[in-house]
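Worksheet for the structure shown next.
Treat the numbers as computed from the prediction; the structure is a model and nothing was measured. Just so it is clear: chains get the letters A, B, ... in the order the sequence lines come, proteins before strands, and each one is counted from 1.
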Number of protein chains: 2
Amino acid sequence: MNATPPTRPPTSLDVARLAGVSQATVSYVLNDRPGARVSDETRARVREAADRLGYVPHAGARTLRTGRSGLVLISMEDIPYGPLAVGTLEELDRELSRRGYTLVQYGARRLKGVPAARAWAELRPVAVLAGAGKLNRQAVEVLRSAGVKAVVALGSRPSPVVPSVVLDHEGIGVMAAEHLIDRGCRSLAAVVPAEDGLREMGEHRLAGVQRVARAREIPLTRVDLPFHEDGAAALAELWRRVDGVFAYNDDYAMLLMAVLGDAGLAVPGDVRIVGCDDLPLAALLRPRLTTIRLDVSATPSALVQRLEEIIAESPAVPSRIDPWTATLIVRESS
Amino acid sequence: MNATPPTRPPTSLDVARLAGVSQATVSYVLNDRPGARVSDETRARVREAADRLGYVPHAGARTLRTGRSGLVLISMEDIPYGPLAVGTLEELDRELSRRGYTLVQYGARRLKGVPAARAWAELRPVAVLAGAGKLNRQAVEVLRSAGVKAVVALGSRPSPVVPSVVLDHEGIGVMAAEHLIDRGCRSLAAVVPAEDGLREMGEHRLAGVQRVARAREIPLTRVDLPFHEDGAAALAELWRRVDGVFAYNDDYAMLLMAVLGDAGLAVPGDVRIVGCDDLPLAALLRPRLTTIRLDVSATPSALVQRLEEIIAESPAVPSRIDPWTATLIVRESS
DNA sequence: ACGCGATGGTTATACGTATAATCAGTTGAT
DNA sequence: ATCAACTGATTATACGTATAACCATCGCGT
């Protein structure tokens, strides 16, 4: 059954023997170490031997020897999966590997705080990007003492202890609320998704709406909504008491518009609605959906450059990176 | 600026010194090695010392010593991101870590074949799950010779060389086509998304439709569609020539329904439409959308168990795992 | 003839861990 | 009183790599 007998993977010493040189020479050649004096002929012999054996260096042994791993760890759980995040991640990967780093997504979803930090620290990465929620002071300390140069928080709010990539959900809520109030709304509602992965982001967007509503003295109703027809329909009376809704995103906005239509309420006549994400589909609805578009603001190259600065200085003080900008796109639903 | 001076991370030897024992004892205690005879008192002292120092084992050194890494690598690029995949991945992670493995998503998006395999092999993982497209025979050979026990392909078609997790897009196309023809359609169209991440899956779903259409002698038009209103509207005459469309997924189906409505065509009267994914939103449209729902068929625990079998036997012959089952949900649009 | 700087390598070592092999005490059986 | 068996540790080593330090050979100017 087994195609290959369980033979040991070839090492640099095996390559050396086949090429008739010392192991050190193999290392010098394959790493193209500047300053190493090896003849072109020997270089060729070594490369040839490595090829024939299918030699692949042992990353663990290398990090053990050098003390560095070039690994950049990112925990996925706080990343909102969508074309935006996936695309950015892909470019980030490309850019990092161009500079000799290796981007690796390491779940550890169930862990946070020190246990999560210990799991990451085992790999001796050079940088860790993780949700702000799992990077408390002690966790950062664990990473630091394991030699992690850059600890960067990802989250809706900047971390008080380390540099942060801030996904500014609060700003989205602010933008939506100000628009609705400017349009004349005097009683607002804001949707918070009931789904696990979305709720937290919903809370942060809500917080933005809240801030504006309070400042301009407009009543605000929080609506915890599961993504079902029933959930929204059950709140029929609520929709009669408000004249403006921030629906969290376009999907929920479309759900709401369907329900409101069934309930005999006119959009935007009775209720104004704002979504978020600028889904192509949202522009096709009647009325066309007002939404907030998010664009990546920093090029991956700039992001990685900033990361390298952080690696170099490994600052333990907060600073802020804003990876996207929000733009209001006014259509017909508001 | 630097919070901590660049001091070396603590090693098991540091722990040993603080606890007043040998390094070997530390290893025995912290790994709970059965058969190791260490008094409870010493155990406590070692644990205490490890805690105080914030000791975290060096995964690279451990891998070097033991020859195994417990790392399970999965390449993300061929995974269609959505609630289904993300949820499955999360449970997979949980289940694997329960058994002492570490799931890691390693991009290497830009690479395929041998170069990709070399990048993965450096980490000396115990298993690699990657898109069937990047696992040619030589790549598998590289992984094998680097000690990778289980090589598993992910893709729409089973790999001819290794066990595969088959995301059966073709089956989806078959299901949609048979339904439409059974409903009386005599001229079909199938949408293939023009977006990079989706096109390939679209082609496979199309292949399923094609097979059925050919067998039942029904003409079929392939429609390469970007996700814009314009894209679909530009094909206005096309929609008059067909009476059944498989729209690739619910998003495209909704796009189509909007466009067809504007063009004065009735659904399902003039054109029948089938989507896929069973989005909650799709059930709210008028007419309600007929769709295909995908459910994970194998529990993560069963999947991991199968993976462990593969690790144990490391077979180099194809076999097949079907991670989902498809169910047709007939509503009003067909 | 001699030293001397290149040239083209080699030898030796350390990184942190797991584990086989060994050893010093202590206990218990005869 | 003696030896075997057990307890609770220690010593020594190997894993694969990178790199500092060393060494042999050669060409060449004086």
Rounded distance (Å) that lies between atom [atom2] of [N] and atom [atom1] of [X]:
{"X": "B:D40", "N": "D:dT7", "atom1": "CG", "atom2": "P", "answer": "13 Å"}
{"X": "A:L53", "N": "D:dG16", "atom1": "CG", "atom2": "C1'", "answer": "15 Å"}
{"X": "A:E41", "N": "C:dG8", "atom1": "CD", "atom2": "C1'", "answer": "11 Å"}
{"X": "B:R68", "N": "D:dC15", "atom1": "CZ", "atom2": "C1'", "answer": "13 Å"}
{"X": "A:N31", "N": "D:dT17", "atom1": "CG", "atom2": "P", "answer": "10 Å"}
{"X": "A:D14", "N": "D:dG16", "atom1": "CG", "atom2": "P", "answer": "8 Å"}
{"X": "B:L13", "N": "D:dA12", "atom1": "CG", "atom2": "P", "answer": "14 Å"}
{"X": "A:E122", "N": "C:dG16", "atom1": "CD", "atom2": "P", "answer": "15 Å"}

Carboxylate-amine/guanidinium contact [X] [Y], below 4.0 Å:
{"X": "A:R47", "Y": "A:D32", "result": "yes"}
{"X": "B:D40", "Y": "B:R43", "result": "no"}
{"X": "B:E90", "Y": "B:R94", "result": "yes"}

Look at atom CD of B:E309 and say whether more than 12 heavy atoms of other residues, nucleotides or ligands are closer to it than 6.0 Å. yes
Considering just the side-chain nitrogens and oxygens of [X], establish if one lies under 4.0 Å of OP1 or OP2 belonging to [N].
{"X": "A:S12", "N": "D:dG16", "result": "no"}
{"X": "B:Y28", "N": "D:dT7", "result": "no"}
{"X": "B:S22", "N": "D:dT10", "result": "yes"}
{"X": "A:R43", "N": "C:dG8", "result": "no"}

Touch class at under 4.0 angstrom, heavy-atom based, for [X] against every strand present:
{"X": "B:T42", "value": "sugar-phosphate"}
{"X": "A:S39", "value": "sugar-phosphate"}
{"X": "A:R37", "value": "base"}
{"X": "A:T25", "value": "base"}
{"X": "A:S27", "value": "base"}

Taking the side chain as every heavy atom from C-beta outward, state whether A:R306 and A:S319 have any atom pair closer than 4.5 Å.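 When only atoms from C-beta onward are counted, A:S319 and A:R306 do touch, with a gap below 4.5 Å.
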Please determine, for the side chain of A:A24, which listed nucleotide (D:dG16, D:dT19, D:dT17) has the closest atom?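 From the listed options, D:dT19 comes nearest.
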DNA chain D: B:R124 or B:V21, which has the more 5' nearest nucleotide?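 In this pair, the answer is B:V21.
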On DNA chain C, nearest-nucleotide positions of B:R33 versus B:L64: which is more 5'? B:L64
